[in-house]
Amino acid sequence: MKRFLICIVLASAIFSTGAMAQSAKFAASWDTNPRTATSSDECISGVCSDNLDDVVVDVEMAELKVPEGKEIFIGVSSEILIHLVTTAKGGRKNDAGTTTNFSSTAKASGSVDVTLSLINDDGEVCGIAPSNNVTLKSEMRELTVTGGGDMTMLEDEEFWIEVGITTDSKGAHHFEFLGVDCTQGNYTLTATFNLTALAEASGYDSDALATVTLYDRMITMQLVRAVKGSVVDPDA
């Protein structure tokens, strides 16, 4: 049995160009360049092989001036497609007078996680609430086909069943965060998208494929006043 894992790490920031916006109270950026992670595994008569893409890293950063007593309201949105294929075979065979059962399993999963960081020019970190990371989307599928039965089989005869499932799950996802406990200064915001594709095939005859694609995405940031567990008058 083999197991394969691939991650693509992407970082976006407040401006597509990476330019500074030191007096802005609200900013937004977007990117339409698709990013994809793919993993596959295949077993034929018990012999497995894999096919993995290379890891791609793309980093963009931007700055925003944060005054004293302000928090940062952050929104992260993305359209994500997770494509999963699982195929497995199970049955019985009579090889040289010996009857045996055989089965196989195929697993495929994909996910997209995002992690935020806010660091000022002095290396101080601004806290992220309620957490600095979240799973935007995750899908998993496992398929097992097992042979058996009491049928009488002739020598060199084989009986098997093959089952295959393909799913495409595409949708837009949005999460919101707060940058809290920030001292005054120029902060660099980084949003890191982590694409993970996993495929695992085992047994007599099976194959699995997982493809995760990050499509259009947007990040927004706004200076606000926020208090944990309280209602705040924005005009106060």
Side-chain angles (χ1 to χ4, degrees), residues 4-18 21 24 26-40 52-53 55-62 64 71-86 107-119 125-143 165-180 187-200 208-224 226 228:
F4 302 97
L5 181 69
I6 181 171
C7 296
I8 292 183
V9 178
L10 305 172
S12 299
I14 292 307
F15 293 104
S16 300
T17 60
F26 177 84
S29 75
W30 69 95
D31 195 348
T32 59
N33 185 20
R35 303 291 184 172
T36 300
T38 300
S39 177
S40 65
L52 300 177
D53 281 348
V55 174
V56 178
V57 177
D58 183 19
V59 176
E60 298 175 7
M61 294 180 293
L64 184 68
E71 285 72 38
I72 305 172
F73 184 68
I74 303 168
V76 179
S77 302
S78 180
E79 186 180 28
I80 300 167
L81 169 65
I82 297 181
H83 176 74
L84 304 178
V85 179
T86 49
K107 301 178 184 179
S109 64
S111 65
V112 176
D113 303 303
V114 63
T115 302
L116 299 180
S117 67
L118 277 167
I119 304 176
V125 178
C126 182
I128 305 293
S131 173
N132 71 329
N133 62 79
V134 68
T135 298
L136 290 178
K137 184 171 178 61
S138 179
E139 296 283 343
M140 190 276 289
R141 180 169 300 282
E142 179 176 348
L143 174 64
I165 300 176
T166 301
T167 59
D168 284 311
S169 178
K170 186 176 183 180
H173 305 269
H174 177 78
F175 283 86
E176 295 174 341
F177 306 84
L178 276 174
V180 296
Y187 280 83
T188 297
L189 170 67
T190 303
T192 302
F193 295 87
N194 190 323
L195 283 66
T196 301
L198 184 148
E200 180 182 340
L209 170 67
T211 302
V212 181
T213 303
L214 187 71
Y215 287 103
D216 298 354
R217 51 199 179 272
M218 175 179 285
I219 299 174
T220 59
M221 185 166 83
Q222 183 176 4
L223 295 178
V224 295
K228 182 179 180 181

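Just so you know, these numbers use all the heavy atoms, side chains as well, and skip hydrogens, waters and symmetry mates. This one's a predicted model, so the numbers in the text were calculated from it and none came from an experiment.
Taken to the nearest 0.5 Å, the OG atom of Ser169 stands 7.5 Å off from the CG atom of Leu81. Rounding to the nearest 0.5 angstrom, the gap separating the CD1 atom in Ile82 from the NZ atom in Lys137 is 5.0 Å. Here the NE2 atom belonging to His174 is positioned 10.5 Å from the CE atom belonging to Met218, to the nearest 0.5 angstrom. Between the CG atom of Asp168 and the NZ atom of Lys170 there is a distance of 9.5 Å, given to the nearest 0.5 Å.
Put simply, the side chain of Arg217 does not reach to within 4.5 Å of the side chain of Ile219, judged on heavy atoms. Taking the side chain as every heavy atom from C-beta outward, Phe175 and Leu136 approach each other to under 4.5 Å. The side-chain heavy atoms of Leu195 and Thr36, taken from C-beta on, include no pair separated by under 4.5 Å. Within the 4.5 Å cutoff, side-chain heavy atoms of Ile72 are placed close to those of Leu223. Annotation: side chain of Phe73 is in contact with side chain of Leu178 (closest heavy-atom distance under 4.5 Å). The shortest side-chain heavy-atom distance between Val76 and Leu116 falls under the 4.5 Å cut-off.
Among residue pairs with one or both ends in residues 108-117, those qualifying as side-chain hydrogen bond (donor to acceptor under 3.5 Å, both in side chains) are Asp113-Thr135; sequence neighbours excluded.
A salt bridge is absent between Glu139 and Arg141: the closest approach of a Lys/Arg side-chain nitrogen to an acidic carboxylate oxygen does not fall below 4.0 angstrom.
Nearest heavy-atom pair across Leu118 and Gly179 is CD1-CA, 4.0 Å. The heavy-atom pair separating Thr192 from Thr190 by the smallest distance is OG1-CG2, 3.9 Å. When all heavy atoms are compared, the tightest approach of Ser78 to Ile80 is OG-CG1, 3.8 Å. Across all non-hydrogen atoms, the minimal contact from Ser40 to Ala199 is CA-CB, 3.6 Å. Taking every heavy atom of both residues into account, Ala197 and Ala37 meet most closely at CB-O, 3.7 Å.
Residue Leu209 forms a side-chain contact (heavy atoms from CB on, under 4.5 Å) with just one option from Thr86, Leu84, Thr166, Thr38, and that option is Thr38.
Remark: the backbone N or O of Val212 is not paired with any side-chain donor or acceptor of Arg35 at under 3.5 angstrom.
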